[in-house]
Structure formats: structure tokens, C-alpha cells
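Notes for the one structure printed next.
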Amino acid sequence: MDSTEHLHGAASAARPERADWTIDQGWENYTPAQHQVWKTLFERQGKLLPGRACEAFVEGMRKLPIGGDEIPDFRRLSEVLMRHTGWQVVAVPGLVPDEVFFEHLANRRFPAGNFLRRPDQLDYLEEPDVFHDVFGHVPMLLHPALADYMQAYGVGGLRAQRLGKLKNLARVYWYTVEFGLVEEAGGLRIYGSGIASSYRESVFCLDDASPNRVRFNLERVLCTNYRIDDFQETYFVIRDLDELLELARVDFGPIYERICGNQELAPGHLIASDKLLQRGTGRYHASRQTERRS
Ligand code: HBI
Ligand code: FE
């Protein structure tokens with residue numbers, strides 16, 4: 001399960017010399033041991049995701065120079081992305097300040113960590129490394145709806161900061177781009193990158209009876225807190241990826257006003273207006289709770 005601390009924006013990387021926090025990927029500096037860690041992660045997800053990941057993810061992966069033998073070169077990824085959806089991948093040393101992150105997204109530049117987790121961190125890391133960012137996020141940037149949605153999120157993020165509503169908007173990113181599920185082929189499929197890059201959560205989110213699965217609703221999600229250190233307690237489901245295009249066009253301004261009085265919802269809490277696909281047992285998180293107390 002990949003932690004998703006990175007959505008907490010606290011830039012933790014040492015400030016690089018460039019104002020936009022980009023660095024050279026330094027592809028030639030990767031060691032054989034690092035390429036081997038990438039291979040392990042890539043092959044493990046590669047076996048697991050067919051039938052779990054959405055069609056757009058599989059399609060994006062097929063079109064990109066991403067394989068098991070070596071850590072991808074961002075320049076080659078950017079050539080393909082630019083041709084299809086005008087995106088490019090820029091290397092950053094880790095978390096960057098929110099406004100730097102939004103500025104890049106608003107200009108169709110995806111900031112990807114150039115560092116790779118250690119072999120003893122296969123299932124847990126505190127920051128978005130090259131596997132989370134490139135394996136998890138980049139394939140989705142080839143889909144037109146996601147490409148537009150991610151740019152709109154960048155533009156919206158800069159605005160949300162000005163309105164003091166970043167906390168609310170970050171929840172929408174969380175429950176879509178990072179942990180979203182989509183209806184497809186008569187079932188549910190993964191499109192969220194935080195899930196797609198995580199072995200255990202790719203299983204949990206679809207197979208486990210514990211989490212709730214609820215139809216995505218913007219106002220509801222804007223008020224819903226999320227887990228940063230464990231699997232999600234609720235997954236929100238969209239009908240298809242074009243639903244994100246509709247989201248990208250929504251003016252959040254009036255909605256921010258309308259929800260400001262609403263109480264914040266706990267991650268596993270359900271409300272009467274929820275369109276429930278599946279009410280979870282909550283057993284996983286309850287057991288973790290007792291573990292913590294013992
Ligand atoms: N920086 N490199 C990087 N990657 C992220 O995903 C990221 C970030 N900084 C801020 C951030 N995400 C979030 O705080 C915003 O989505 C709110
Ligand atoms: Fe991410």
C-alpha cells in the first residue's frame with residue numbers, strides 16, 4: 001500500500017536551484033540494483049492489473065516506452081505524451097510546494113519524482129517516487145479526459161489556494177486521480193494512480209468486503225476526509241472517465257460557498273444521500289484500530 005502522504009504538499013525535498021523545482025532526471029545515474037527494484041515492482045503489478053486496471057490505463061501503458069527492464073527515461077515519455085495529449089514529464093526531487101505543483105499541472109507538465117524506493121520499501125513509501133508517478137500516473141495522461149482533468153486541477157488548485165479551499169479540492173484529487181474507481185465491463189476497475197502503483201491496495205479496493213463503494217458526488221467528496229497512512233475506507237466510483245471532463249468544467253466557486261457550513265465527513269462515514277454500490281463491513285480498519293490499541 002503506497003502511503004499517499006505526498007498529497008500533503010509539505011515540500012520535503014531540498015530546494016533545488018530552479019524556481020520551478022525541476023531537476024535533470026539523471027537517468028544515467030540509476031544503478032543496476034535500482035533498475036532491478038523497478039523490474040520487481042513493474043512485473044508484480046503487470047501480473048496483477050489485467051482485469052483490474054481500467055482500459056485507459058492498459059492502453060496508456062501499451063503506447064508508452066515503459067517496460068520492466070529499466071526505469072523509464074522521462075525524455076522518451078514526454079515525446080509520446082506530447083504527441084497524444086500535449087503533456088510532458090518533468091523531474092523533481094520529491095514533494096514540491098502546492099503552488100509549484102499546480103503551476104506545472106496547469107501547463108501540462110507532470111512533476112515526477114526521479115528517485116526510486118529502496119528494496120525494503122516495496123510496499124510503503126512516504127513520498128511519490130518514480131514508480132508511483134510514472135507507473136501510476138503517466139499512463140492515464142494519454143487519455144484525453146484525464147489529460148484535460150489534470151490540467152484543470154492545476155488551474156483549480158491555484159484558484160482554490162486563493163479562496164482558501166485547497167483542503168476541499170485536494171479531496172477531489174484524492175478520491176479521483178489517486179484512489180478513483182470506474183465502472184467498466186460490467187464491473188469496477190481501477191483508474192486511481194495511488195491504487196494502480198500499489199500491489200496490496202489494487203487487491204483490497206476491488207476484492208475486500210471492508211471498504212464502502214459509493215457513486216462519486218462532487219459536493220459529498222469535497223467534505224470527505226481521507227486516509228493518508230492506510231487503505232481508503234471508501235472508494236468513489238464514476239460511470240466513465242468522461243465524468244471527469246464534466247468535473248473539469250464545473251465552476252467550484254459557488255459550490256465552495258454552498259458547502260462551507262457542511263460538517264466534515266470521516267473517511268468511512270456514509271450519509272443518507274449516498275448512492276451506495278456496496279456498504280463495506282469496515283472490518284479491515286476496525287482490526288487495524290484494535291492493533292493500534294494493543
Ligand atoms: N509534489 N512532487 C509532488 N507530487 C505531488 O503529487 C504533489 C506535490 N506537491 C503538492 C501535492 N501533491 C498536493 O498537496 C496537492 O495535490 C494538493
Ligand atoms: Fe500521486
Side-chain angles (χ1 to χ4, degrees), residues 1-4 6 27 30-74 76-77 80-81 89 110 112-143 146 176-211 213 227 229-232 235 237-238 240-241 278 280 284:
M1 180 273 298
D2 271 357
S3 89
T4 32
H6 69 289
W27 190 87
Y30 291 129
T31 65
Q34 287 180 303
H35 288 300
Q36 183 56 43
V37 170
W38 169 275
K39 185 181 182 68
T40 304
L41 291 163
F42 182 88
E43 290 178 349
R44 200 172 65 163
Q45 286 311 91
K47 286 195 196 85
L48 179 68
L49 289 181
R52 285 177 185 277
C54 67
E55 187 48 42
F57 183 89
V58 174
E59 190 61 14
M61 195 58 90
R62 200 178 55 74
K63 287 181 191 153
L64 282 160
I66 299 181
D69 293 340
E70 54 189 26
I71 297 166
D73 182 326
F74 293 3
R76 296 188 54 232
L77 297 176
V80 175
L81 284 168
V89 181
F110 185 76
N114 71 329
F115 67 98
L116 181 67
R117 67 194 73 181
R118 298 189 312 270
D120 63 300
Q121 293 175 310
L122 286 193
D123 275 326
Y124 187 85
L125 82 164
E126 61 289 342
E127 280 206 17
D129 72 338
V130 64
F131 188 74
H132 171 90
D133 281 328
V134 169
F135 185 94
H137 283 284
V138 170
M140 294 307 294
L141 290 174
L142 280 176
H143 189 282
L146 255 293
T176 55
V177 174
E178 291 296 356
F179 290 93
L181 298 180
V182 61
E183 286 184 338
E184 194 173 275
L188 296 184
R189 292 286 186 274
I190 295 161
Y191 76 92
S193 306
I195 307 177
S197 57
S198 160
Y199 185 83
R200 292 173 59 228
E201 194 144 14
S202 294
V203 176
F204 178 83
C205 74
L206 296 179
D207 298 1
D208 204 292
S210 183
R213 295 174 182 91
R227 303 298 295 253
D229 54 357
D230 206 340
F231 298 153
Q232 296 312 306
Y235 294 99
V237 181
I238 57 178
D240 57 40
L241 296 180
Q278 190 172 359
Y284 170 83

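Residue numbers count from 1 along this sequence. These numbers come from a predicted model, not from an experiment.
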Taking all heavy atoms of A112 and all of F74, pick out the closest pair and write down the distance.
-> O-CE2, 3.7 Å
Is a side-chain N or O of E184 found less than 3.5 angstrom from the main chain of D240, in a donor-acceptor match?
-> no
In terms of ring plane angle, is the pair H137 and F110 parallel, tilted or perpendicular, where the classes change at 30° and 60°?
-> tilted
Taking it one step at a time, do N114 and V130 satisfy side-chain contact (heavy atoms from CB on, under 4.5 Å)?
-> CA-CA 5 Å; N114 71 329; V130 64; 5.9 Å; no
Is the shortest side-chain N to carboxylate O distance from R52 to D207 below 4.0 Å?
-> yes
Taking the side chain as every heavy atom from C-beta outward, state whether L81 and L142 have any atom pair closer than 4.5 Å.
-> yes
How far apart are the C-alpha atoms of E178 and H132, what are their side-chain angles, what is the distance that settles it, and do they pass the side-chain contact (heavy atoms from CB on, under 4.5 Å) test?
-> CA-CA 10 Å; E178 291 296 356; H132 171 90; 3.3 Å; yes
When rounded to the nearest 0.5 Å, the distance separating CD1 of I238 from SG of C54 is 8.5 Å
CD (Q36) and CD1 (I71) are apart, to the nearest 0.5 Å, by 10.5 Å
Applying side-chain contact (heavy atoms from CB on, under 4.5 Å), run through L41 and R117 and close with a yes or a no.
-> CA-CA 10 Å; L41 291 163; R117 67 194 73 181; 3.8 Å; yes
Less than 4.5 Å apart, any side-chain heavy atom of D229 and any of R227?
-> yes
Side-chain contact, heavy-atom cut-off 4.5 Å: D208 with F231?
-> no
Search all heavy atoms of A53 against all heavy atoms of V58 and return the closest pair with its distance.
-> O-CG2, 4.3 Å
Is there a side-chain contact between I66 and W38 (heavy atoms, below 4.5 Å)?
-> yes
Using the test side-chain contact (heavy atoms from CB on, under 4.5 Å), find all partners of P65 that sit at least two apart in sequence or belong to another chain.
-> R76, L77, V80
How far apart are the closest heavy atoms of R200 and Y284, and which atoms are they?
-> NH2-OH, 4.4 Å
E70: side-chain contact (heavy atoms from CB on, under 4.5 Å) partners, not counting sequence neighbours | W27, H35
Main-chain N/O of I195 paired to S202 side chain as donor or acceptor, under 3.5 Å = yes
Indicate the atoms forming the closest heavy-atom contact of G113 with D133, along with that distance.
-> N-OD2, 3.0 Å
Close side-chain approach of P211 and F204, heavy atoms under 4.5 Å = yes
Is the backbone of G136 close enough, under 3.5 Å, to the side chain of S197 for a donor and an acceptor to pair up by distance?
-> no
Please tell me if the side chains of L181 and I190 come closer than 4.5 Å, counting only heavy atoms from C-beta onward.
-> yes
Residues E201 and S198: closest non-hydrogen pair is N-OG, 3.2 Å
Could you go through the side-chain contact (heavy atoms from CB on, under 4.5 Å) check for F131 and Q45 one step at a time?
-> CA-CA 11 Å; F131 188 74; Q45 286 311 91; 3.9 Å; yes
Between CE of M140 and OG1 of T176, what distance do you get to the nearest 0.5 Å?
-> 10.0 Å
Keeping the roles fixed (side chain from R189, backbone from G51), state whether a donor-acceptor pair exists under 3.5 Å.
-> yes
Side chain of R118, backbone of V37: donor and acceptor closer than 3.5 Å?
-> no
Work out which heavy atom in A196 is nearest to a heavy atom in F57; give both atom names and the distance.
-> CB-CE1, 3.8 Å
Decide yes or no for Y199 and L122: does some side-chain heavy atom of the first lie under 4.5 Å from some side-chain heavy atom of the second?
-> no
Between D123 and R44, is any pair of side-chain heavy atoms under 4.5 Å apart?
-> yes
Pair Q278-Y235, side-chain donor/acceptor within less than 3.5 Å | no
